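Structure first, commentary second.
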Amino acid sequence: MSATIADVARRAGVGVGTVSRVLNDRPKVGAQTRARVLAAIEELKYVPSETARRLSLRRTQTIAVVSVHLVIPSVIERIHGIERSLTAAGLDMIIRNAETVERRDEVVREIARAGRVDGAIFISVAPQGEGQEEISASGLPVVLIDARRPGVPHIVCDDVEGGRIAGRHLLELGHTRIGFVGDPPSPRLGVRSSRTRLRGVTEALQECALRIDPSHIAEGEHSRLGGQQSARKILSGANPPTAIVAANDTLAFGVLQAARDLGLEVPGDLSVLGYDDIDAADLVQLTTIHQPLRESGTEAVRRLLAAIDGTGKGPLRTVLPVHLIVRGTTGPPRTSL
């Protein structure tokens, strides 16, 4: 039979409570006593019960991760960063999808119940209304990624600046007719990144006394097909743009497909610039805006664990920088266009 904590206590000549304090690395245990307990654990090959450990800590050792569109590559990258950091800290993770307002509120009610999880990370969505009140009343530590709520720690990338960088890159290449393909707005869920990136592109053009033609802006489903359909709509009109900025790399892949469908050469006839710099972007040599996706997950875990331990201090808002990755899908426009 496997050794129990009581067996360890008897072998070391101490109480069960002392063994528990040693296992949980708590103070008030003398060096010699700690050494005897550790030796007994080794001799008996004792493996602590994870359930008992969690009960002794009065924690579940589990973090909830809530997001919209869990299959989106940028979300997956962020979750990779979260999972890696939680594993290093010896914590488990549960994932909940909040693709609708109703589902979001249901998930918030679930995790706000006492004893379910020790904290929560929300990606591109945030508790609102009664859900926010339930979270606040429960005292559950929460950190947001790519979302904002007053009084809640949040990790964001500078999407407006990213849009400006994209616009300026295309302007420097000589483009003046620049289009934009983005996601449809989801104000009830609080997803705003596509619109803030468009704002940055618009501001870059305004610096040169230019504007985006409204007919050169299209919004569609966050998918390659959505990007393809949006780009075809823009490119099939009169006086089409010579460059398109996509709100994310997935949409940019669709823009590239639309260009092929229409017999356009990239970057000769059409320059395409994405956003996120997911792994697949390098495979197709997509010029894109890199945002630190995994790093945002890592930083969110750091902030959350500090909040759980009561050591979290500093500004609520953490802004991570973005930068341009130039590859093969952007270049000067043809003089004939």
Side-chain angles (χ1 to χ4, degrees), residues 72-78 80-81 146 157-183 193-194 196-198 200-205 208 212 216-218 220 222-228 230-232 234-235 240-296 320-335 337:
I72 291 176
S74 61
V75 172
I76 293 172
E77 285 295 302
R78 285 189 163 113
H80 280 165
D146 191 35
C157 292
D158 196 339
D159 284 330
V160 175
E161 180 61 16
R164 289 195 201 100
I165 293 170
R168 288 168 182 162
H169 172 64
L170 295 173
L171 288 166
E172 289 168 0
L173 289 172
H175 295 277
T176 57
R177 299 200 311 274
I178 298 173
F180 184 87
V181 170
D183 299 320
S193 57
S194 181
T196 51
R197 292 165 192 176
L198 172 58
V201 175
T202 301
E203 290 181 0
L205 268 69
C208 297
I212 298 182
H216 294 168
I217 300 174
H222 188 130
S223 67
R224 187 163 60 89
L225 178 60
Q228 181 182 1
S230 293
R232 284 183 68 95
I234 293 173
L235 295 170
T242 61
I244 291 179
V245 177
N248 55 69
D249 290 343
T250 301
L251 290 173
F253 299 153
V255 176
L256 292 173
Q257 181 62 55
R260 287 192 291 270
D261 295 343
L262 296 170
L264 298 176
E265 182 181 320
V266 176
D269 297 323
L270 179 72
S271 284
V272 180
L273 198 155
Y275 204 109
D276 284 335
D277 193 26
I278 61 176
D279 288 343
D282 186 46
L283 295 177
V284 299
Q285 282 300 288
L286 177 69
T287 296
T288 188
I289 301 297
H290 174 89
Q291 61 168 329
L293 297 168
R294 293 198 183 193
E295 292 87 342
S296 68
L320 301 180
V322 298
H323 62 270
L324 177 69
I325 301 291
V326 179
R327 296 192 178 102
T329 59
T330 54
R334 291 194 194 279
T335 55
L337 292 179

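This is a predicted model, so every value here is computed, not measured.
- Within the 4.5 Å cutoff, no side-chain heavy atoms of I244 are placed close to those of H216.
- Side-chain contact between D277 and R327: present, with at least one pair of heavy atoms (C-beta onward) separated by less than 4.5 Å.
- The nearest pair of heavy atoms linking H175 to S271 is NE2-OG, 3.3 Å.
- R78 places a side-chain heavy atom less than 4.5 Å from the side chain of Q291.
- Pairing each heavy atom of S74 with each of D276, the nearest pair is CB-OD2, 3.6 Å.
- The minimum heavy-atom distance between R197 and A247, with the atom names listed, is NH1-O, 2.6 Å.
- Under a 3.5 Å cut-off, the side chain of T196 and the backbone N or O of S193 do form a donor-acceptor pair.
- Heavy-atom minimum distance, C157 versus P292: SG-CD, 3.7 Å.
- Counting heavy atoms of neighbouring residues, nucleotides and ligands inside a 6.0 Å radius, atom CZ of R224 does not exceed 12 of them.
- With L324 as reference, I165 is the one residue of I165, T288, T330 to meet the side-chain contact (heavy atoms from CB on, under 4.5 Å) rule.
- To the nearest 0.5 Å, the span separating OG1 on T242 from CD1 on I178 amounts to 7.0 Å.
- Rounding to the nearest 0.5 Å places NE2 of H80 at 5.5 Å from CZ of R294.
- Looking at I289 and I325, their side chains never come closer than 4.5 Å, going by heavy atoms from C-beta outward.
- Looking only at side-chain heavy atoms (C-beta outward), D146 and D159 come within less than 4.5 Å of each other.
- D158 CG to H323 NE2: the interatomic distance, rounded to the nearest 0.5 Å, is 13.5 Å.
- Within the 4.5 Å cutoff, no side-chain heavy atoms of T329 are placed close to those of L273.
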Can you check side-chain contact (heavy atoms from CB on, under 4.5 Å) on D279 and E77, steps first, answer last?
-> CA-CA 9 Å; D279 288 343; E77 285 295 302; 4.1 Å; yes
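- Distance check, rounded to the nearest 0.5 Å: CG of L286 to CG of L256 gives 6.0 Å.
- Nearest approach of I234 to P240, heavy atoms of both residues: O-CB, 4.1 Å.
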Would you sort out whether I217 and V181 count as a side-chain contact (heavy atoms from CB on, under 4.5 Å), showing the intermediate values?
-> CA-CA 6 Å; I217 300 174; V181 170; over 6 Å; no
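- Side-chain contact check for Y275 versus L251: every heavy-atom pair is 4.5 Å or farther apart.
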For I72 and I76, run side-chain contact (heavy atoms from CB on, under 4.5 Å): C-alpha distance rounded to whole Å, both residues' side-chain angles, the deciding distance at 0.1 Å, then the answer.
-> CA-CA 6 Å; I72 291 176; I76 293 172; over 6 Å; no
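- For the atom pair CG of D261 and CZ of R232, the computed distance is 5.0 Å after rounding to the nearest 0.5 Å.
- Atom CG of L205 sits about 8.5 Å away from atom OG1 of T176, to the nearest 0.5 Å.
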From CA spacing to verdict: side-chain contact (heavy atoms from CB on, under 4.5 Å), I278, F253 | CA-CA 11 Å; I278 61 176; F253 299 153; 3.9 Å; yes
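- Looking at S194 and F180, their side chains come closer than 4.5 Å, going by heavy atoms from C-beta outward.
- Considering every non-hydrogen atom in both P267 and G331, the closest pair reads CB-N, 3.5 Å.
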